[in-house]
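As structure tokens, the structure follows; a few thoughts come after it.
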There are 2 protein chains.
Amino acid sequence: MSRQNVPDETIRRMPMYLRALLVCPAERKIVSSGELAEHLGLNAPQVRKDLSYFGAFGTPGVGYEVGALVERIRTIMGIQQAPRVALVGAGKLGRALVFFEGFKMYGFEIAAVFDKSQRKIGRKVGKLTVEPVSAIGCLGQRDIRMAILAVPADASQKAAEALAEAGVTGILNMTFCRLRLPAQVKVATIDAAMELGILPYYMNNPG
Amino acid sequence: MSRQNVPDETIRRMPMYLRALLVCPAERKIVSSGELAEHLGLNAPQVRKDLSYFGAFGTPGVGYEVGALVERIRTIMGIQQAPRVALVGAGKLGRALVFFEGFKMYGFEIAAVFDKSQRKIGRKVGKLTVEPVSAIGCLGQRDIRMAILAVPADASQKAAEALAEAGVTGILNMTFCRLRLPAQVKVATIDAAMELGILPYYMNNPG
DNA sequence: ACCTGTGAAGAGTTTCACAGCC
DNA sequence: GGCTGTGAAACTCTTCACAGGT
């Protein structure tokens, strides 16, 4: 099954499956597509179809083995070996993200924190020490290929370019700016205000 | 044009259009679909199609009037009169969100902060004073119909139910738990770790 | 009896091409 | 010349039905 024709939406759901499996009680060895679907608010054929894009790793009449499926999904998603992530921006949001438990669950490790402000450089955030943004250039040597961008809007493009130049090819953009970067750099953007902005429409026009 | 057949994806993009228009320099009175598209990384027919679902408010040969379009979108989205939003959870993430500038841009006002912990109740967060979660019940009388949920995972379902009972019908869920709520309550979920989890796939399988 | 894997149908979304207007 | 609004085509994604395995 070629990776080329896996729907993007399927890729988006893979981390959801992973999370659902990780919160399974340890004594549960087998899970069915229906149970996964129920837990995530999807339907069973959707789950089976999604997983089948990457091969057949369930047992008909039985279900999917939890441990094996976790490993398969980790491999598919390319997060077997705990990717190290840089955080740029040690403001309120950045510091909150360092302590966010969710990243660990998928095996991500926040391995460096950068900030522009002299006031923040040298300060501790959890176990990490805030480094100057000028040190971003060395990320390649430190085996860090991903970053979370949590800087003020007007600093985002510049910081993103520094990351791209340092060899970072995956950026989680928490600013509400579109980043213009070389095509090989993948960007995911989170804009809490935009998500909030969608709700009133559906509150006023119940579907 | 009935609201019933406007694509969800179009609704998702409306706040993007709004933001793009709001960051326009004030001297710019007219904007074309091509310019909007370029600014947002979309294409021009997409922009025209999206806007046309709600009527024809551009001028052929000219473009869209910025001010008028902003008002139209605000009306369509139901955010003309600055919705008041409650924040539940005054932890690191919650406190960071209070200071997040993005909400203001769309006209949202964070009007109350709640927390369970005695240690936090009474403390100031910006101009707001943290209230006990038991006070959530009065939200209806305070004209607050939306909430942001930024509590620990194990407290999310309970807090969400309290919100729903208080008449909140739109929740931005920042926890990685699925909320089981009456159908009239609309939920948008943001899971930063999940977004981060998607990136390595595309880094390893460039599209 | 129960569950997976999958081709095919159906629904939803994007892109295109162009008629019509400024 | 330049831009909007829109039906139709193309594409993507979801749902369904069921063959086949345990």
Side-chain angles (χ1 to χ4, degrees), chain A residues 1-17 20-21 24 28-70 72-73 76 198 201-202 205 207, chain B residues 1-14 16-17 20-21 24 28-69 72-73 76 198 201-202 205 207:
Chain A
M1 182 73 62
S2 154
R3 294 288 158 96
Q4 218 52 250
N5 40 21
V6 179
D8 286 343
E9 294 300 313
T10 293
I11 302 299
R12 280 196 75 77
R13 281 187 294 267
M14 295 308 281
M16 295 178 56
Y17 296 137
L21 293 166
C24 261
R28 186 177 254 300
K29 301 294 185 213
I30 299 284
V31 74
S32 72
S33 59
E35 289 165 327
L36 271 175
E38 152 67 11
H39 190 272
L40 293 167
L42 305 171
N43 57 31
Q46 175 85 271
V47 174
R48 293 201 297 276
K49 190 98 182 157
D50 281 345
L51 297 178
S52 77
Y53 280 112
F54 303 99
F57 23 89
T59 311
V62 180
Y64 301 89
E65 209 205 311
V66 174
L69 190 50
V70 164
R72 291 302 283 267
I73 294 178
I76 290 162
I198 293 163
Y201 178 87
Y202 289 106
N205 305 276
Chain B
M1 183 72 62
S2 155
R3 293 292 157 93
Q4 217 52 251
N5 41 21
V6 179
D8 286 342
E9 294 300 312
T10 293
I11 301 300
R12 280 195 76 76
R13 281 187 294 266
M14 296 308 279
M16 297 178 54
Y17 297 136
L21 294 165
C24 262
R28 188 177 251 300
K29 301 295 184 210
I30 300 283
V31 74
S32 71
S33 60
E35 289 164 328
L36 271 175
E38 151 68 10
H39 190 272
L40 293 167
L42 306 170
N43 57 30
Q46 174 86 270
V47 173
R48 292 201 297 276
K49 189 98 180 159
D50 280 346
L51 297 177
S52 77
Y53 281 112
F54 303 100
F57 22 89
T59 312
V62 180
Y64 301 89
E65 210 205 311
V66 175
L69 190 50
R72 292 301 283 268
I73 294 177
I76 290 162
I198 294 164
Y201 178 86
Y202 289 106
N205 305 276

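Convention: sequence-line order gives letters A, B, ...; per-chain numbering from 1. These figures come from a predicted structure and were not determined experimentally.
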> What residues, two or more places apart in sequence or in another chain, satisfy side-chain contact (heavy atoms from CB on, under 4.5 Å) together with A/Asn43?
Replying inline: A/Pro45, A/Gln46
> Whole Å only: how far is the CZ atom of B/Arg48 from the C1' atom of C/dG20?
Replying inline: 13 Å
> Are B/Thr10 and B/Phe54 close enough that some pair of their side-chain heavy atoms sits under 4.5 Å apart?
Replying inline: yes
Are there any protein N/O atoms within less than 3.5 Å of an N/O atom in nucleotides 12-14 of chain C, and if so, which ones and at what distance?
from, atom 1, to, atom 2, distance (Å)
C/dT14, OP1, B/Arg13, NH1, 2.9
C/dT14, OP2, B/Arg13, NH2, 2.7

> Of all residues at least two apart in sequence or in a different chain, which pass the salt bridge (charged side-chain N to carboxylate O under 4.0 Å, His left out) check with B/Arg13?
Replying inline: B/Asp50
> Quick one: A/Phe54 CZ to C/dG5 C1', roughly how many Å, whole number?
Replying inline: 15 Å
> Side chains of B/Tyr17 and B/Leu51: does their closest heavy-atom pair fall under 4.5 Å?
Replying inline: yes
> Hey, is the side chain of B/Ser33 poking within less than 4.0 Å of OP1 or OP2 on D/dC3, counting only N and O atoms?
Replying inline: no
> Under a 4.0 Å heavy-atom cut-off, which of residues 60-67 of chain A touch DNA chain C?
Replying inline: A/Pro60, A/Gly61, A/Val62, A/Gly63, A/Tyr64
>> Between B/Arg12 (side chain only) and B/Met14 (backbone N and O only), is there a donor and an acceptor less than 3.5 Å apart?
In response: no
> Which distance, rounded to the nearest 0.5 Å, do you find between the CD1 of B/Ile76 and the OH of B/Tyr53?
Replying inline: 13.0 Å
>> Just the rounded figure in Å: distance from C1' of C/dC3 to CZ of A/Phe57.
In response: 16 Å
> For B/Leu42 and C/dT15, what is the distance between atoms CG and P respectively, to the nearest whole Å?
Replying inline: 9 Å
>> A/Glu65: which residues meet the salt bridge (charged side-chain N to carboxylate O under 4.0 Å, His left out) condition with it, sequence neighbours left out?
In response: none
> For the pair made of CZ in B/Arg72 and P in D/dT4, what is the distance, rounded to whole Å?
Replying inline: 16 Å
> For A/Pro60, what residues pass the side-chain contact (heavy atoms from CB on, under 4.5 Å) criterion, not counting sequence neighbours?
Replying inline: none
